[in-house]
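In each ligand, atom 1 is the first atom listed, and ligand 1 is the first ligand listed.
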Amino acid sequence: MIRNPEKTLGALIDKCSIAQLCYIDKDGFPVTRAMLKPRERHGLREFYFTTNTSSEKVSALRRNPKTSIYFVDRRFFRGVSLAGNAEILEDAATKERIWREGDEQYYSEGVADPDYCVIKVTVKKVRYYSNFKSTDFNIKTQQAEDSMISIEVVLGDITTLGVDAIVNAANCGLLGGGGVDGAIHHAAGKALYEECLKLVEGLPEHRGKTGQAYLTGAGRLPCKFVIHTPGPVYRDGLHGEAELLASSYANSLRRAEEKQCHSIAFPCISTGVYGYPKEEAAQIAVRTVREFRAAALQRVVFCCFSEADAAIYRRVLAKEE
Ligand code: AR6
């Protein structure tokens with residue numbers, strides 16, 4: 001009996017270096033293709049693959065979105081088959097999120113290459129093959145998973161929290177600064193700074209982007225990871241600030257999921273030096289966490305540095321329940 005299929009099947013999936021994706025061609029024949037492993041997965045419910053817009057599989061899936069993906073552990077002859085519907089995503093935000101360094105070798109024009117697109121597979125049925133028998137699993141509903149995330153408001157210094165990951169309200173330089181950024185670097189010590197230097201060296205123009213999130217180790221801090229996100233500087237609310245702040249929260253949650261973190265703590269991103277109105281920022285933070293489809297994450301902490309900030313979060317949480 002598998003007690004936690006998400007975990008057991010997820011581990012098998014994550015170990016596979018390729019995936020097989022099936023579709024029905026224009027003559028009605030089933031076709032199987034080997035794909036690069038999924039770039040992102042949310043539990044067993046959603047999988048994201050990169051591919052060429054001009055490929056036969058994309059036109060086939062546009063015609064008939066029914067698909068199944070298969071992952072096999074050849075050593076023990078075990079496999080997971082996931083059937084569902086495919087969508088072809090070509091919007092800039094998704095393409096950017098799924099893009100990884102080095103993808104230029106497949107798409108010469110970079111992330112905006114019209115021949116680069118993302119296949120999202122939303123799974124309806126899961127079947128696991130092992131020991132010559134197959135077992136079917138139900139996919140958990142969104143509500144069931146959402147309700148597994150607990151949200152807490154904590155008053156205090158984020159550098160002291162023993163969660164898996166803490167989020168740093170950074171700037172695009174990603175090498176430290178004032179406010180919570182300064183406190184985190186100070187408490188973590190030189191190891192964090194050195195890791196950030198390395199991280200920055202690998203980024204285009206040696207800078208991070210507003211709304212993105214970058215993960216490092218945590219130096220001397222009690223947590224395992226620091227996720228650095230440059231939030232938006234607030235101007236007048238008419239320059240995409242709300243979307244960028246939501247991206248900072250969502251991307252931080254994604255980085256934590258990628259490392260299978262169970263708990264994460266956020267400071268009040270952008271509401272200090274960057275001047276974001278506190279109440280609006282708290283609403284965006286809470287909404288983004290509530291909408292996030294978590295697999296590993298079970299606990300989100302909003303770490304407030306003042307009682308006034310904590311009171312805002314408590315109010316927003318009570319209202320949005
Ligand atoms: N623990 C938890 N929260 C804290 C801590 C702490 N130790 N210290 C401060 N805060 P800010 P921003 C709260 O200005 O607005 C930096 O220089 C603080 O009370 O740190 O996103 C960066 O390098 C406030 O509620 O971040 C960037 O240049 C919240 O953290 C710039 O500031 C965020 O305030 C980023 O500005």
Solution key, residues 173-188 side-chain donor-acceptor pairs under 3.5 Å, sequence neighbours excluded:
| unit_1 | atom_1 | unit_2 | atom_2 | d |
| --- | --- | --- | --- | --- |
| D181 | OD1 | N168 | ND2 | 2.7 |
| D181 | OD2 | G177 | N | 3.4 |

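What sits closest to atom 21 (O) of ligand 1 on the protein, heavy atoms only, is S270 N, 2.8 Å. Looking from atom 30 (O) of ligand 1 to the surrounding protein, the closest heavy atom is V180 CB, 3.8 Å. Counting protein heavy atoms only, atom 1 (N) of ligand 1 is closest to I158 N, 3.0 Å.
V31 and V72 fall into different hydrophobic clusters, where Ile, Leu, Val, Met, Phe, Trp and Tyr are joined by side-chain heavy atoms under 4.5 Å apart, directly or via other members. Taken together through direct or relayed side-chain contacts under 4.5 Å among Ile, Leu, Val, Met, Phe, Trp and Tyr, V167 and V226 form parts of separate hydrophobic clusters.
Because its NZ or CZ atom is not both nearer than 6.0 Å to the ring centre of Y23 and within 45° of the ring axis, R62 does not count as a cation-pi partner of that residue.
Within the listing of ligand 1, atoms 25 (O), 29 (C), 33 (C) sit less than 4.0 angstrom from a heavy atom of C268. Within ligand 1, the atoms closer than 4.0 Å to a non-hydrogen atom of G156 are 1 (N), 2 (C), numbered from 1 in the order shown. The D181 neighbourhood of ligand 1 comprises atoms 22 (C), 23 (O), with distances under 4.0 Å to a heavy atom of that residue. Close contacts between ligand 1 and T271 involve ligand atoms 15 (O), 24 (C), 25 (O) [criterion: under 4.0 Å to a heavy atom]. Listed by atom number, the atoms of ligand 1 under 4.0 Å from G178 heavy atoms are 16 (C), 17 (O), 23 (O). The atoms of ligand 1 that sit less than 4.0 Å from any heavy atom of A183 are 7 (N).
Taking Ile, Leu, Val, Met, Phe, Trp and Tyr as hydrophobic and joining them when side-chain heavy atoms fall under 4.5 Å apart, one finds V233 in a cluster with V273, Y274.
In this structure, H239 has its ring center no closer than 6.0 Å to that of Y234. Separation of the Y116 and Y106 ring centroids does not fall under the 6.0 Å cut-off.
Heavy-atom separations between D157 and ligand 1 include at least one value shorter than 4.0 Å. By the 4.0 Å heavy-atom criterion, G231 is excluded from the residues contacting ligand 1.
Looking at E258 and R255, a side-chain N of the basic residue comes within less than 4.0 Å of a carboxylate O on the acidic one, giving a salt bridge.
In this structure, of Y274, F302, F305, the residue bringing a heavy atom nearest to atom 35 (C) of ligand 1 is Y274. Considering L174, V273, N171 only, the shortest heavy-atom separation from atom 28 (O) of ligand 1 involves N171.
The shortest N or O to N or O distance between G272 and ligand 1 is under 3.5 Å. On a distance-only criterion, C304 and ligand 1 share no N/O pair closer than 3.5 Å.
For the residue pair S54 and D115, a side-chain donor N or O sits within less than 3.5 Å of a side-chain acceptor on the partner.
Distance check, rounded to the nearest 0.5 Å: CD of E6 to CD1 of I13 gives 9.5 Å.
Ring geometry, Y107 versus W99: the interplanar angle falls from 30° to 60°, so the pair is classed tilted.
Contact annotation for D309 and ligand 1: only side-chain heavy atoms (C-beta onward) come within less than 4.0 Å of the ligand. Residue contacts with ligand 1 for A169 involve both N, CA, C or O and side-chain atoms from C-beta outward (heavy atoms, distance under 4.0 Å).
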